[in-house]
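All remarks here apply to the structure that follows.
Because the structure is a prediction, the values reported are computed rather than measured.
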Amino acid sequence: MTDTQGGLRGWAAGRKGSLTRLRFTSLRLRLVVVFGLVALTAAVSASGIAYWLNREAVLTRAQDAVLRDFRQEMQNRAGALPAHPTQDELQRTAGQMASSSQSFSVLLVGQDAHGKTVYGNSGGINGFSLEDVPTSLRTAVNRQQKVSGVNKQPYHLYWQRVVDHGTPYLVAGTRVIGGGPTGYMAKTLEPEAKDLDSLAWSLGIATGLALIGAALLAQAAATTVLKPVHRLGVAARRLGEGKLDTRLRVSGTDELADLSRTFNNAAAALEKRVADMAARDEASRRFVADMSHELRTPLTAITAVTEVLEEELDSEAGGIDPMIEPAVRLVVSETRRLNNLVENLMEVTRFDAGTARLVLDDVDVADQITACIDARAWLDAVELDADRGIHARLDPRRLDVILANLIGNALKHGGSPVRVSVREDSDSVVIRVRDHGPGIPEEVLPHVFDRFYKASASRPRSEGSGLGLSIAMENAHIHGGAITAANSPEGGAVFTLRLPRDASLLTEDPAENGGGNGGDAPAKEES
């Protein structure tokens with residue numbers, strides 16, 4: 001079975017390779033076809049002209065020789081007959097005329113002394129008779145012309161080419177000047193036709209050889225022209241794959257060499273620009289990371305002070321002056337918000353730098369969701385629809401971050417109750433968080449996972465930083481999953497989280513790597 005599958009895969013790969021080569025050589029095929037059509041047109045035209053000229057030359061030469069001999073025989077032999085010959089005289093004279101060097105058949109027609117029409121046949125070509133002579137030719141032969149300064153004879157020699165049962169013939173006729181019989185001649189042109197057929201075959205073979213030669217020349221020319229184009233296409237694909245150090249070898253001074261130089265210059269400029277952008281991006285990430293780290297030290301001290309102030313606010317002794325209590329509460333809330341923002345910025349920096357890692361463990365999804373809700377005192381506002389026993393190999397801390405952001409966002413911007421449901425597919429776990437609020441505006445849906453995005457520009461200050469959903473999406477992606485946002489037909493927004501049952505199959509052993517830099521941040525509630 002494995003061998004069969006391997007054979008099928010090999011056959012499919014071969015078919016794909018053939019189609020790819022056909023696609024890559026389409027211009028080559030067009031060049032070969034154009035060269036072939038031009039060569040075929042030229043060869044056919046030349047062969048046709050050569051055949052026609054040779055045909056006329058061969059037929060004219062044979063025809064002139066036969067007619068010249070027939071005219072001479074008519075003058076010498078038929079002209080020696082009496083004005084009213086007998087049939088025997090006609091028969092004997094026709095035989096003598098047919099024995100000439102051209103070997104044609106002769107038919108003599110005359111009138112005897114009693115006015116009766118008599119015939120003399122040489123006996124060749126299956127009995128050449130008057131019925132074998134075309135009517136138009138007989139009419140022309142017997143028509144008496146008016147004698148003038150230009151036309152000195154009342155009768156002329158006429159000829160015509162005919163085909164009888166596939167064999168070509170030359171038929172001619174004339175009358176003896178001054179009275180005497182009318183003579184007709186038939187000469188087969190089959191030898192000339194065979195010569196012309198041989199010539200046609202030779203020209204056809206020459207045309208085929210010319211076509212093959214043109215195709216080979218076209219192939220060679222196309223290879224010479226298209227090889228640099230093919231190299232340019234390969235280099236462009238490599239450049240598109242991110243291999244910015246790709247360069248073409250330049251040789252020559254033609255247009256293709258100029259194109260290669262232009263490509264190399266463009267690739268070098270692109271590599272430099274990308275390197276500059278990467279350097280600036282790295283500097284920006286380093287600045288955010290350094291700033292976040294630098295802020296953590298004073299924030300730690302400030303947080304400790306605000307915790308003391310918060311305890312004083314909550315104490316029954318009333319240790320805070322009522323006049324400054326609102327200011328103290330504002331300092332406490334803003335300090336907490338700033339602390340969350342710094343933590344989120346550090347987390348985003350890890351994702352951008354590619355240093356975020358998973359610390360995988362087998363978790364019960366229902367227990368994990370329950371722990372997340374209980375830790376944030378959301379039990380009264382969240383309905384959980386999840387069966388115990390749905391296990392997955394995930395990073396518990398990052399799953400807690402995802403759930404905290406999705407549920408917290410639903411409670412803050414949606415409406416209670418928030419319903420969390422868990423379903424399992426063959427290879428994934430699907431968690432849906434639905435609220436009962438007004439839903440998400442259609443123009444906001446494409447941007448809900450953007451960093452620092454807030455739906456309402458009129459409320460630039462809010463308790464959240466605008467990074468929570470973005471961080472949730474990054475944590476889903478590092479697991480090999482995704483989050484989608486939509487509006488429920490029954491009302492409210494629905495966030496759907498889909499995670500693989502075993503994230504270790506999609507990562508490079510992150511659990512064995514010790515968790516990296518992303519394993520020391522506490523879980524946060526953010527939106």
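Tested against Val422, the residues Asp385, Val429, Val430 include a single side chain to side chain contact (heavy atoms under 4.5 Å, CB included) partner, Val429. Of the options Arg161, Arg68, Glu56, a side chain to side chain donor-acceptor pair (under 3.5 Å) to Gln63 is made by Arg161 and by none of the others.
Across all non-hydrogen atoms, the minimal contact from Asp112 to Lys116 is OD1-N, 2.8 Å. Considering every non-hydrogen atom in both Tyr119 and Val109, the closest pair reads CD2-CG2, 3.6 Å. The two residues Tyr155 and Asn142 have their closest heavy-atom pair at CE2-O, 3.8 Å. What you find for Gly491 and Arg434 is that their closest heavy atoms are O-NH2, 3.3 Å. Across Ile431 and Val365, no two heavy atoms sit closer than the pair CD1-CG1, 3.8 Å. The minimum heavy-atom distance between Pro82 and Glu89, with the atom names listed, is CG-OE1, 3.6 Å.
Taking 4.5 Å as the limit, every side-chain heavy atom of Leu497 sits out of range of all side-chain heavy atoms of Val433. The closest side-chain heavy-atom distance from Glu474 to Ile478 is not below 4.5 Å. The side-chain heavy atoms of Met74 and Leu108, taken from C-beta on, include a pair separated by under 4.5 Å. Looking at Asn487 and Leu445, their side chains come closer than 4.5 Å, going by heavy atoms from C-beta outward. In this structure, the side chains of Val141 and Arg138 stay at 4.5 Å or more apart for every pair of heavy atoms. The side-chain heavy atoms of Leu81 and Val176, taken from C-beta on, include no pair separated by under 4.5 Å. Under the 4.5 Å side-chain criterion, counting only non-hydrogen atoms from C-beta, Met185 is not in contact with Trp159. The side-chain heavy atoms of Phe70 and Thr174, taken from C-beta on, include a pair separated by under 4.5 Å.
Here the CG atom belonging to Leu499 is positioned 5.5 Å from the CD1 atom belonging to Ile402, to the nearest 0.5 angstrom. We find the CE-CD distance between Met97 and Glu73 to be 6.0 Å, quoted to the nearest 0.5 Å. Here CG of Leu59 is found 10.5 Å from CG of Asp64. Values are rounded to the nearest 0.5 Å. Rounded to the nearest 0.5 Å, atoms CG (Asn265) and CG (Leu270) are 12.5 Å apart. Annotation: the span from Thr484 atom OG1 to Phe495 atom CZ amounts to 9.0 Å, rounded to 0.5 Å. Put simply, CG on Asp395 and CG on Leu358 are 5.5 Å apart, with the number rounded to the nearest 0.5 Å.
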Show the atom names and distances, to 0.1 Å, of all donor-acceptor pairs under 3.5 Å that link a side chain in residues 46-54 to residues at least two apart or in another chain.
residue, atom, partner, partner atom, Å
Ser47, OG, Ala43, O, 2.8
Ser47, OG, Thr207, OG1, 2.8
Asn54, ND2, Ala50, O, 2.6

* Worked check of side chain to side chain contact (heavy atoms under 4.5 Å, CB included) between Asp195 and Leu199 -> CA-CA 6 Å; Asp195 292 341; Leu199 176 63; over 6 Å; no
* **Worked verdict on Leu130 versus Leu107 for side chain to side chain contact (heavy atoms under 4.5 Å, CB included)** => CA-CA 7 Å; Leu130 193 61; Leu107 172 65; 4.0 Å; yes
* Stepwise, does the salt bridge (charged side-chain N to carboxylate O under 4.0 Å, His left out) test hold for Glu192 with Lys187? -> CA-CA 11 Å; Glu192 288 76 10; Lys187 167 68 175 179; over 6 Å; no
* Show the numbers, then the answer: is there a side chain to side chain contact (heavy atoms under 4.5 Å, CB included) between Asp69 and Phe104? => CA-CA 10 Å; Asp69 197 6; Phe104 45 70; 4.0 Å; yes
* Asked: Stepwise, does the salt bridge (charged side-chain N to carboxylate O under 4.0 Å, His left out) test hold for Arg280 with Asp276?
  -> CA-CA 6 Å; Arg280 287 195 296 268; Asp276 293 342; 5.1 Å; no
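A salt bridge links Glu424 with Arg501; the closest basic N to acidic carboxylate O contact falls under 4.0 Å.
Using a distance-only test at 3.5 Å, with no hydrogens or angles considered, a donor-acceptor pair links the side chain of Asn475 to the main chain of Ile471. A donor-acceptor pair under 3.5 Å is formed between the side chain of Asp435 and the backbone N or O of Ala493. Checked by atom type and distance alone, the side chain of Ser99 pairs as donor or acceptor with a backbone atom of Gln96 at under 3.5 Å. For the pair Asn409 (side chain) and Leu406 (backbone), a donor-acceptor distance under 3.5 Å is absent.
Residues passing the side chain to side chain donor-acceptor pair (under 3.5 Å) test with Gln91, sequence neighbours excluded: none.
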